[in-house]
2 protein chains.
Amino acid sequence: MSSSIDVAKKAGVSQATVSRVLNNPQSVKPETRMKVLQAIEQLQYVPNLIARSLVTNTTRTIALISGSLQNGFFAETTDSIVQFAKHKGYKTLVYFEDENKVPDLFDLIMSSKVDGVLLSLIKLDDPLVEQLERVKVPCVFFNRRSKSGGHYVVLDNPSAVAEVTRHLIGLGHRKIAYLSGKTDFSTFQERSVGFKQVMQEHGLEMKPEWTSFIDTTTEEIERMVFTMLNRPELPTAIICATDAIALICMDIILMMGLRIPEDISLSGIDNTRMASHRAVQLTTVGHQKFAMGTIAAESLFELIEKGDSERNAIQITLRPELIVRKTTGPVNSSGS
Amino acid sequence: MSSSIDVAKKAGVSQATVSRVLNNPQSVKPETRMKVLQAIEQLQYVPNLIARSLVTNTTRTIALISGSLQNGFFAETTDSIVQFAKHKGYKTLVYFEDENKVPDLFDLIMSSKVDGVLLSLIKLDDPLVEQLERVKVPCVFFNRRSKSGGHYVVLDNPSAVAEVTRHLIGLGHRKIAYLSGKTDFSTFQERSVGFKQVMQEHGLEMKPEWTSFIDTTTEEIERMVFTMLNRPELPTAIICATDAIALICMDIILMMGLRIPEDISLSGIDNTRMASHRAVQLTTVGHQKFAMGTIAAESLFELIEKGDSERNAIQITLRPELIVRKTTGPVNSSGS
DNA sequence: TTGAAAGCGCTAACAG
DNA sequence: CTGTTAGCGCTTTCAA
């Protein structure tokens, strides 16, 4: 591995000049520039970004803290974020965390000297936001947000669930189950609000056995659905707080020999890729495809490049759009 | 942001001692260690890993060059790799590249000073392998490999396709289509070999209209399937070289109102998560779930920590296992 | 337009 | 067991 000093020697210039042709080419005389460029070529010189970072105190790297890629939503946002970052000349350091233990993230971020952080996994009361704010590391949340504010881009969650709930009620459903992650995440907290509200508006009961806020692991969801569908009285519709949950839910429903939507209507939220697949055709609530990740990334780079500042908090709420497909239908569309 | 010098001052020791309690705690007297630890605590000191990297010439970071996460296989391997790396104390820098342009990857890798590279996107004749070998950056390929050898973990691709082809022939299929990515990737090259061989063994014809090696973009695949199914004579089975291809293929088949498997049998390879979903139930060829990514990562860390060496090339071939589900059935199981 | 020199924050000899 | 010192490879004044 040759260094800029080697290049300098070969080109017969000072090391500082090598640095100049790399960072500010027009500040160096064309002839010398050529000599340096040639030397770089011959030595296959590649600048050491670590050394550069140490002096500039920037890394052109962002950290992405996301949920597991098993969840199509995170796979899609991660894909678009990494893509976009690359396009902007940034590298992406990823962490796919368990919901529960978003650990010494602060130390991780600080020690890695990333230029910014994109976070989709944060609890409502997570102290991380304040910590990051104190040390002024640009940070944008997407999908979820924290109580303490910060920059974020989220879906209008209450409306999203409200729409799908109204849709189901409009189809004649009264016995509606709600399957969600735990409410210490803003996503699930906000979505549950929308559900409750519409149910109340219509004077409908939220039966405790049909309303669950659980860990969003496959096992937990499977167990929950299985238990629910083994009771004597079944709901006629299940609203899932995410497509990922709905997909798992669908798996169990079909496994138990029930038909969708004839026996049970099913809906999700997020409009992930699989939701539109013809073998699935999940009724869901969408927001512009890939938008959330890209918008979040875009916002982050703005913060990084223009400098963060309290006044213009980036707080974007995407408008939801109900997408009716084949998993929801009129109640008792075939007798039961 | 306080540095180790600040800590040293506060604790009344030299900066080198601070470094010691971080890297070799037992080499420093318990009392002084405590003083230093306290100072670290009070100042909220977090070591600057950039500076450390500059001197140690290691980053505890690996690069992962993977295909798009839209493909479930890559989503699963990426998830497990990042997870595993984190568990080993490594960070992961990810790139989700387009198949075609795996660009100045070499410069990228060199300048980032990653400790190792995991690659699932490489053409058979890619010069990158030799380049990396020359500069001695530990590097493991998974899923795909290069002509020039190197370390890799792959599926026994010819056998994988052979098994599924025999399965279909056993079901009475004679008009079998084959849908694959381009053969400048080892995966597709090797899989096509298995297909050809078994077809020949059984004296079956590979019709050009039914045998395509195309870009694995959704659009290309959709167009191909659509064209194929609009011709007067239809195949009775389509073997797809990956689950991702099969999933897209299924989408179009269903859209065109054809039934699976009654009209057309369909199979994939990889046993991705969605393949087992009850709405899909894709017949496929599996290898231990998540194994490929994890094995590759494991191998890489071995190379990094024990040191690379020519003699013990890591070349692992996973045994395939046919998983028969609901998308394949006897030919003409209902009249056509 | 170029070179010399001072660090960035840390690790790792080498003395003591 | 601890302090002193010399870099790691680069950017960035400051002079020339």
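Here is the naming used below: chain letters follow the sequence lines, and residue numbers restart at 1 for every chain.
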Residues that A:Y90 engages under ring pair (Phe, Tyr, Trp, His ring centres under 6.0 Å), provided they are two or more places apart: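 Applying ring pair (Phe, Tyr, Trp, His ring centres under 6.0 Å) to A:Y90 gives A:F301.
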
Contacts of type salt bridge (Lys or Arg N to Asp or Glu O under 4.0 Å), residue [X], not counting sequence neighbours:
X: B:E190; value: B:R145
X: A:E302; value: none
X: A:D184; value: A:K123

Taking the axis from the first five pairs and the axis from the last five, what angle separates them in the helix from C:dT1-D:dA16 to C:dG16-D:dC1, rounded to 10 degrees?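 The end axes of the helix from C:dT1-D:dA16 to C:dG16-D:dC1 are about 40° apart, to the nearest 10°.
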
Ignoring hydrogens and angles, write down the donor-acceptor pairs under 3.5 Å from the side chains of residues 50-62 of chain B, residues two or more places apart or on other chains.
unit_1: B:S53; atom_1: OG; unit_2: B:L49; atom_2: O; d: 3.0
unit_1: B:S53; atom_1: OG; unit_2: B:T58; atom_2: O; d: 2.9
unit_1: B:T56; atom_1: OG1; unit_2: B:R52; atom_2: O; d: 3.0
unit_1: B:T56; atom_1: OG1; unit_2: B:T58; atom_2: N; d: 3.3
unit_1: B:T56; atom_1: OG1; unit_2: B:T58; atom_2: O; d: 3.4
unit_1: B:T56; atom_1: OG1; unit_2: B:T58; atom_2: OG1; d: 3.4
unit_1: B:T59; atom_1: OG1; unit_2: B:T61; atom_2: N; d: 3.4
unit_1: B:T59; atom_1: OG1; unit_2: B:K113; atom_2: O; d: 2.8
unit_1: B:T59; atom_1: OG1; unit_2: B:D115; atom_2: OD1; d: 3.3
unit_1: B:R60; atom_1: NE; unit_2: B:G89; atom_2: O; d: 3.1
unit_1: B:R60; atom_1: NH2; unit_2: B:K88; atom_2: O; d: 3.1
unit_1: B:T61; atom_1: OG1; unit_2: B:T59; atom_2: O; d: 3.0

Is there a donor-acceptor pair under 3.5 Å between the side chain of B:H151 and the backbone N or O of B:I314? yes

Between side-chain atoms of residues 5-15 of chain A and protein atoms elsewhere (two or more places apart, or another chain), which donor-acceptor pairs fall under 3.5 Å?
unit_1: A:D6; atom_1: OD2; unit_2: A:S3; atom_2: N; d: 2.7
unit_1: A:S14; atom_1: OG; unit_2: A:A16; atom_2: N; d: 3.4
unit_1: A:S14; atom_1: OG; unit_2: A:T17; atom_2: N; d: 3.3
unit_1: A:S14; atom_1: OG; unit_2: A:T17; atom_2: OG1; d: 3.3
unit_1: A:Q15; atom_1: NE2; unit_2: A:S4; atom_2: OG; d: 3.0

Test side chain to side chain contact (heavy atoms under 4.5 Å, CB included) applied to B:V46 - qualifying residues, sequence neighbours left out: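 For B:V46 the side chain to side chain contact (heavy atoms under 4.5 Å, CB included) partners, ignoring immediate neighbours, are A:D107, A:M110, A:S111.
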
My understanding is that only residues two or more places apart in sequence, or in another chain, count here; which of them pass side chain to side chain contact (heavy atoms under 4.5 Å, CB included) with A:Q44? B:R134

Could you pull out the protein-nucleic contacts involving nucleotides 9-12 of chain D (nitrogen or oxygen on both sides, under 3.5 Å)?
unit_1: D:dG9; atom_1: N2; unit_2: A:A51; atom_2: O; d: 3.4
unit_1: D:dC10; atom_1: OP1; unit_2: A:Y45; atom_2: OH; d: 2.5
unit_1: D:dC10; atom_1: OP1; unit_2: A:N48; atom_2: N; d: 3.1
unit_1: D:dC10; atom_1: OP2; unit_2: A:S4; atom_2: N; d: 2.5
unit_1: D:dC10; atom_1: OP2; unit_2: A:S4; atom_2: OG; d: 2.6
unit_1: D:dT11; atom_1: OP1; unit_2: A:N23; atom_2: OD1; d: 3.3
unit_1: D:dT11; atom_1: OP1; unit_2: A:N23; atom_2: ND2; d: 2.8
unit_1: D:dT11; atom_1: OP1; unit_2: A:R52; atom_2: NE; d: 2.7
unit_1: D:dT11; atom_1: OP1; unit_2: A:R52; atom_2: NH2; d: 3.1
unit_1: D:dT11; atom_1: OP2; unit_2: A:S19; atom_2: OG; d: 2.4
unit_1: D:dT11; atom_1: OP2; unit_2: A:N23; atom_2: ND2; d: 3.3
unit_1: D:dT11; atom_1: O4; unit_2: A:Q15; atom_2: OE1; d: 3.4

With side chain to side chain donor-acceptor pair (under 3.5 Å) as the rule and sequence neighbours excluded, what pairs involving residues 32-41 of chain B come up?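 Listed once each, the pairs would be none.
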
Going 5' to 3' along DNA chain C, between which two nucleotides do contacts with chain B fall, using a heavy-atom cut-off of 4.0 Å? C:dG9 to C:dA13

Give A:T32 one of three labels, base, sugar-phosphate or nothing, depending on what nucleic acid heavy atoms sit under 4.0 Å from its own. sugar-phosphate

